[in-house]
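Below is one structure; the comments refer to it alone.
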Amino acid sequence: MKRNVTVITLLLLILSTLSGCGHQHVWKEATCTEPNTCTECGETEGSPIGHTWTAATCTAPKTCNVCGETEGTALAHTWSEATCTTPKTCSVCRKTEGSALGHTWIEATCTIPKTCSVCGETEGGLGEHQLDSKGYCAICHKQIGEAITLSNYSKYFSVKISKNGVESAENNKYYYNVKIDTEPKRDIEFHDVWIEITWYHSSINKLTYPDGHTEDAFRDATTRSNLDDSGDCTDEKQIYLGNYPNAQWSTNTRVFDRWEITDIGGYVIK
């Protein structure tokens, strides 16, 4: 009797280790959507794990990072338009497309530096004044330079004249050679400065022609010379006096023995 009880107890222990189907389960681990499942009989235990979602991005929908299942659609990019310095850019993921537009520059003036008309960025310093022939700036409307006039030029430079008399060329064409020298008196900038000199005669003889008619031997003449940026000028001029074939005049005729600056232009910047 005692032996029978022992056998029955052993059988009960064996049965307690077996499922209702009468075998030992071979479990497949639970997944996002399935609980633990016996690969032999299909019996389940517990619950599915559930998805571990990664939120949707610009290029991918909401996605389980365990099983890869997706839900919904990608969000798509949220574009910020290209600027002068950056290409078209997604404000969410920072992806770019295309290229930066580049600046649209407005050249510098005497009041503002080189400036982008789109974004306002600047580059470098102020530009040069736009001065007229009298040193007045058309941009900032200021008198930047001092205009050179007949009344003030002597403050800034001196003029020296040399001459070597009358020369006769072929066919009685006569020329007078002169040399104009200027010397600056101050270390300043000269801009487009020019001087006009008129040459006069204090004694003019009458020429007498074979046919008996007469005319003045020489006429007054005007020349123009340009000064460089430092105020220097060395200018040799050959003044044409006229063509006097077959004419006769006194050899003591005084030619171009007086001169004066009759016009002047340009400006200086001190």
Side-chain angles (χ1 to χ4, degrees), residues 108-110 125-140 142-207 215-245 247-270:
T109 69
C110 56
L126 298 180
E128 298 291 331
H129 292 286
Q130 299 297 314
L131 302 180
D132 64 13
S133 61
K134 297 186 181 299
Y136 182 79
C137 181
I139 304 299
C140 65
K142 294 180 180 179
Q143 187 68 43
I144 304 301
E146 181 177 353
I148 295 292
T149 65
L150 292 173
S151 61
N152 71 4
Y153 79 89
S154 59
K155 294 191 303 182
Y156 302 112
F157 62 92
S158 60
V159 180
K160 180 181 178 181
I161 302 297
S162 302
K163 54 185 179 176
N164 65 359
V166 178
E167 290 189 3
S168 176
E170 293 181 3
N171 300 320
N172 291 306
K173 292 182 179 179
Y174 289 86
Y175 301 87
Y176 198 76
N177 294 318
V178 297
K179 183 178 180 183
I180 301 104
D181 288 292
T182 65
E183 184 175 347
K185 294 182 178 180
R186 301 186 186 183
D187 186 15
I188 55 178
E189 296 179 22
F190 288 74
H191 293 267
D192 303 320
V193 177
W194 53 269
I195 56 175
E196 180 183 272
I197 298 177
T198 299
W199 311 85
Y200 302 99
H201 321 283
S202 61
S203 174
I204 301 178
N205 286 2
K206 293 289 185 180
L207 297 175
E215 63 180 63
D216 289 341
F218 299 106
R219 304 172 181 86
D220 295 338
T222 299
T223 62
R224 180 165 169 164
S225 300
N226 299 315
L227 281 64
D228 64 21
D229 292 344
S230 64
D232 286 313
C233 172
T234 300
D235 198 7
E236 295 185 357
K237 300 286 189 182
Q238 188 176 59
I239 305 172
Y240 176 61
L241 304 179
N243 184 3
Y244 307 108
Q248 296 178 354
W249 60 82
S250 172
T251 58
N252 64 359
T253 298
R254 297 166 62 192
V255 182
F256 295 140
D257 58 349
R258 185 172 65 85
W259 62 270
E260 65 178 82
I261 296 176
T262 49
D263 200 4
I264 199 164
Y267 61 92
V268 295
I269 295 180
K270 302 176 183 179

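Legend: residues meeting ring pair (Phe, Tyr, Trp, His ring centres under 6.0 Å) with His129, ordered by chain and number and at least two apart, are absent.
Across all non-hydrogen atoms, the minimal contact from Ala108 to Gly127 is CB-N, 3.7 Å. Looking at every heavy atom in both residues, Leu131 comes nearest to Gly135 through CD2-O, 3.5 Å. When all heavy atoms of Pro184 and Asp232 are compared, the pair lying nearest together is CD-OD1, 3.1 Å. In terms of heavy-atom proximity, Thr182 sits nearest to Val159 at CG2-CG2, 4.2 Å. Shown here for Glu146 and Lys155, the closest heavy-atom pair between the two residues is OE2-NZ, 3.5 Å.
Under a 3.5 Å cut-off, the side chain of Gln143 and the backbone N or O of Lys134 do form a donor-acceptor pair. Using modelled atom types, no side-chain atom of Lys270 and backbone atom of Ile188 make a donor-acceptor pair closer than 3.5 Å.
In this structure, CG on Asn226 lies 7.5 Å from CG on Asp235, to the nearest 0.5 angstrom. To the nearest 0.5 Å, atoms CD1 (Ile261) and CD1 (Ile195) are separated by 4.5 Å. Here the CG atom belonging to Asp263 is positioned 3.5 Å from the CH2 atom belonging to Trp194, to the nearest 0.5 angstrom. A distance of 10.5 Å separates CD in Glu260 from CD in Glu196, rounded to the nearest 0.5 Å. Distance check: Ile139 CD1 to Leu126 CG gives 12.0 Å after rounding to the nearest 0.5 Å. A distance of 11.5 Å separates CG of Asp192 from CG of Asp228, quoted to the nearest 0.5 Å.
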Worked verdict on Ile161 versus Ile180 for side chain to side chain contact (heavy atoms under 4.5 Å, CB included): CA-CA 5 Å; Ile161 302 297; Ile180 301 104; 3.7 Å; yes
Dump the intermediate steps for side chain to side chain contact (heavy atoms under 4.5 Å, CB included) on Phe157 and Val193, then the final yes or no. CA-CA 11 Å; Phe157 62 92; Val193 177; 4.2 Å; yes
Going through the checks in order, is the side chain to side chain donor-acceptor pair (under 3.5 Å) test met by Ser158 and Glu183? CA-CA 5 Å; Ser158 60; Glu183 184 175 347; 4.7 Å; no
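The number of heavy atoms from other shown groups lying within 6.0 Å of NZ (Lys142) does not exceed 12. The environment of CD in Glu128 is sparse: at most 12 heavy-atom neighbours from other residues, nucleotides or ligands sit within 6.0 Å.
Side-chain contact check for Glu189 versus Asp229: every heavy-atom pair is 4.5 Å or farther apart. Taking 4.5 Å as the limit, every side-chain heavy atom of Tyr267 sits out of range of all side-chain heavy atoms of Tyr136. Residues Tyr156 and Leu227 form no side-chain contact, since every pair of their non-hydrogen atoms from C-beta on lies 4.5 Å or further apart.
Among Ile144, Asp132, Thr109, the single residue meeting the side-chain contact (heavy atoms from CB on, under 4.5 Å) criterion with Cys137 is Ile144.
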